[in-house]
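Notes follow the structure.
Indexing begins at 1, ligand by ligand and atom by atom, following the structure's order. Position 1 is the first residue of the sequence, and the numbers go up from there.
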Amino acid sequence: MTAIKAPPAPHGYSASMDAVADPFAALTDEHAELTRLFAYHQEALLDRDWPTAAGLLDGYRERLYRHMEIEERFVLDPAHVPAAGHQRWTAELYRAEHRRVRLYLEKVDEWLTRARHDGAPAGMLIGLLDRERTLKHLLEHHHHREEMALFADLRRSLPARLHAALGRALAESACAAP
Ligand SMILES: [Fe+2]
Ligand SMILES: [Fe+2]
């Protein structure tokens, strides 16, 4: 297998104008882009190219954290996501999942650092991939639920002012991507 030496193209949507016009499509595209970035990290891991794997994980985390921070600022404000009973899942449920994602990602990062420090034996690589599988499953479910429920509902109900602010924040984030 050939190691990935450089990160892939960072933008899941072609231009910042796309994010302004349809921020929910941009958020959905960013989910796919994040999945792709994580796959590049795992390919480097399988090649045992530890410095590249660590660098790609750093870039992935930076991108994911920015994505979640924008969601929390604009679409996971309880004032704009109606309470349970009117909505399939509450803003708090999505925020709790973000906290779990951050926690798992920190565990993965710690394990990767330990594996490199210990000379990266095969057993530690397997342990790392196990932890990453848990993180991937958590994110797959989270992204799916956002796309099927949260974004679909907020396309109709998010106030125009917030819709525009979300688009601008995503466009700026796309421009800031490494
Ligand atoms: Fe999210
Ligand atoms: Fe998301």
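Here Trp111 contributes atom CH2 and Tyr104 contributes atom OH; the two are 14.0 Å apart, rounded to the nearest 0.5 Å.
Between Glu62 and Arg66 there is a salt bridge, since at least one side-chain N of the basic residue sits less than 4.0 Å from a carboxylate O of the acidic one. We find that Arg36 and Glu30 are not joined by a salt bridge, their nearest charged nitrogen and carboxylate oxygen being 4.0 Å or further apart. Using a 4.0 Å cut-off between a side-chain N of Lys or Arg and a carboxylate O of Asp or Glu, Glu69 and Arg73 qualify as a salt bridge.
A side-chain donor from one of Glu146 and His142 sits under 3.5 Å from a side-chain acceptor of the other.
Scored by the ring-ring contact (aromatic ring centres under 6.0 Å, His included) test, Phe151 finds Phe24, His31 as partners (sequence neighbours excluded).
Residue-level check: among N/O/S atoms of His31, NE2 sits closest to the Fe ion (ligand 2).
Neighbouring protein atoms of the Fe ion (ligand 1) (N, O or S, distance under 2.8 Å, waters ignored): Glu71 OE1, His98 NE2, His142 NE2, Glu146 OE2.
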